[in-house]
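Comments concern the structure below.
Note: hydrogens, waters and symmetry copies are ignored here, and every other heavy atom, side chains too, is used.
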Amino acid sequence: MLTGLLLLITMIAGVFIFRAYNVNTYTIPSASMEPGLQIGDRIEVDPDAYETNEPQSGDVVVFDGSGSFYPYESETTMKRFFDGALNLLGMTPQHNAVVKRIIGVPGDTIECCDSSGRLKVNGESLDEPYLAEPDRPASSSPFLVEVPENRVFLLGDNRYDSIDSRALLGAPGGGMIQKTKIYGPVISTR
């Protein structure tokens, strides 16, 4: 009986240690944020950063892309069961987590592009040293958007290999993500 109880306590402690280590950690699945973030990089976010501060242009963030960047997907009963069990432990996987850079915050007007191929934010050309292909225009297609209240406009750093706000400009929400869907800014890379 005592051995079983010790085993149960050890298992519960292991779950909480695993959760504490991995709950705010994500793995980069695509090339959309290269060169800064490579496929397979593990990143950590600060889930409390925007409780007292607002997201800022230039922040690299992880957010919930369900319903916008990821279409609704049907799930099997078994998958829902396992996700429900993990949810009880506070370890629900974030299948729809996406990482992008905030380019515009509420009230910003973003336009592509100036005569040099750079984005314009509120009429000012944006210097983007983090781009994967700095010699190419910042976007392959022109656009002009105004970021509404409570939303952000996000782009990948590897603009020619990124599905981001530009791909959803004609969709509900205009390709902009609600600030409440942001898990947090990236604070470290492993």
Side-chain angles (χ1 to χ4, degrees), residues 24-47 49-50 53-71 94-148 150-171 173-190:
N24 297 316
T25 303
Y26 302 88
T27 302
I28 302 298
S30 73
S32 72
M33 289 301 290
E34 289 182 351
L37 297 174
Q38 303 291 317
I39 295 173
D41 281 355
R42 290 181 52 80
I43 57 173
E44 186 177 345
V45 301
D46 179 358
Y50 298 137
N53 299 310
E54 289 291 313
Q56 301 294 311
S57 293
D59 290 356
V60 175
V61 297
V62 175
F63 62 95
D64 178 2
S66 62
S68 55
F69 282 67
Y70 284 103
Q94 303 294 336
H95 298 294
N96 297 318
V98 180
V99 61
K100 301 290 179 200
R101 184 179 301 275
I102 296 175
I103 300 299
V105 295
D108 284 346
T109 299
I110 304 156
E111 181 178 4
C112 180
C113 290
D114 70 9
S115 60
S116 299
R118 297 185 301 173
L119 291 180
K120 291 171 63 175
V121 178
N122 301 323
E124 298 291 323
S125 296
L126 185 62
D127 184 29
E128 297 184 281
Y130 43 76
L131 290 179
E133 299 181 62
D135 296 333
R136 292 180 76 179
S139 179
S140 59
S141 55
F143 61 86
L144 174 64
V145 297
E146 185 174 331
V147 183
N150 297 316
R151 293 191 179 258
V152 293
F153 187 84
L154 303 130
L155 297 177
D157 291 351
N158 190 358
R159 301 280 162 79
Y160 289 86
D161 192 7
S162 177
I163 297 173
D164 47 39
S165 289
R166 297 170 299 166
L168 302 166
L169 288 174
M176 287 161 244
I177 299 300
Q178 297 171 11
K179 291 192 295 186
T180 56
K181 294 185 97 176
I182 297 174
Y183 297 139
V186 174
I187 56 172
S188 69
T189 305
R190 299 184 210 166

Pair up each side-chain donor or acceptor in residues 102-113 with any protein partner under 3.5 Å, not counting sequence neighbours, and list the distances.
residue: D108; atom: OD1; partner: N122; partner atom: ND2; Å: 2.9
residue: D108; atom: OD2; partner: V105; partner atom: N; Å: 3.0

Under 3.5 Å, which donor-acceptor pairs do the side chains of residues 132-140 form with other protein atoms, sequence neighbours left out?
residue: E133; atom: OE1; partner: R136; partner atom: NH1; Å: 2.9
residue: S139; atom: OG; partner: S141; partner atom: N; Å: 3.4
residue: S139; atom: OG; partner: S141; partner atom: O; Å: 3.1
residue: S139; atom: OG; partner: R166; partner atom: NH1; Å: 3.2

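- A donor-acceptor contact shorter than 3.5 Å is absent between the side chain of D59 and the backbone of V61.
- The distance from the CG atom of L119 to the CG atom of D127 is 11.0 Å, given to the nearest 0.5 Å.
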Note to self: Using side-chain contact (heavy atoms from CB on, under 4.5 Å), reason through N150 and Q178 one step at a time and then give a plain yes or no.
What the structure shows: CA-CA 6 Å; N150 297 316; Q178 297 171 11; 6.0 Å; no

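- For the pair I28/Q38, no side-chain contact is recorded, criterion being any heavy-atom separation below 4.5 Å from C-beta on.
- Annotation: the span from K120 atom NZ to S115 atom OG amounts to 8.5 Å, rounded to 0.5 Å.
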Query - Derivation and outcome, side-chain contact (heavy atoms from CB on, under 4.5 Å), residues D46 and N24 - result: CA-CA 7 Å; D46 179 358; N24 297 316; over 6 Å; no

Given the rule in the side-chain contact (heavy atoms from CB on, under 4.5 Å) test, do R101 and M33 qualify, once you have shown the distances and angles that lead to the verdict?
CA-CA 8 Å; R101 184 179 301 275; M33 289 301 290; 4.3 Å; yes

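- Closest of all the heavy-atom pairs between Q56 and E54 is NE2-O, 3.1 Å.
- Atom CG of L168 sits about 9.5 Å away from atom CZ of F153, to the nearest 0.5 Å.
- In this structure, the side-chain hydrogen bond (donor to acceptor under 3.5 Å, both in side chains) partners of T27, at least two apart in sequence or on a different chain, are R42.
- In this structure, CD on E146 lies 9.0 Å from CE on M176, to the nearest 0.5 angstrom.
- Side chain of K100 to main chain of I163: a donor-acceptor pair is present (N/O by atom type, distance under 3.5 Å, no hydrogens or angles).
- Of all the heavy atoms in P35 and Y130, the pair that sits closest is CD-O, 3.3 Å.
- Note that the OG1 atom of T25 and the CD atom of E44 stand 5.0 Å from one another [nearest 0.5 Å].
- Side chain of S165 to backbone of L154: a donor-acceptor contact under 3.5 angstrom is found.
- Between the CZ atom in F63 and the CD1 atom in I177 there is a gap of 4.5 Å [rounded to 0.5 Å].
- At least one donor-acceptor pair under 3.5 Å links the side chain of N158 to the backbone N or O of A31.
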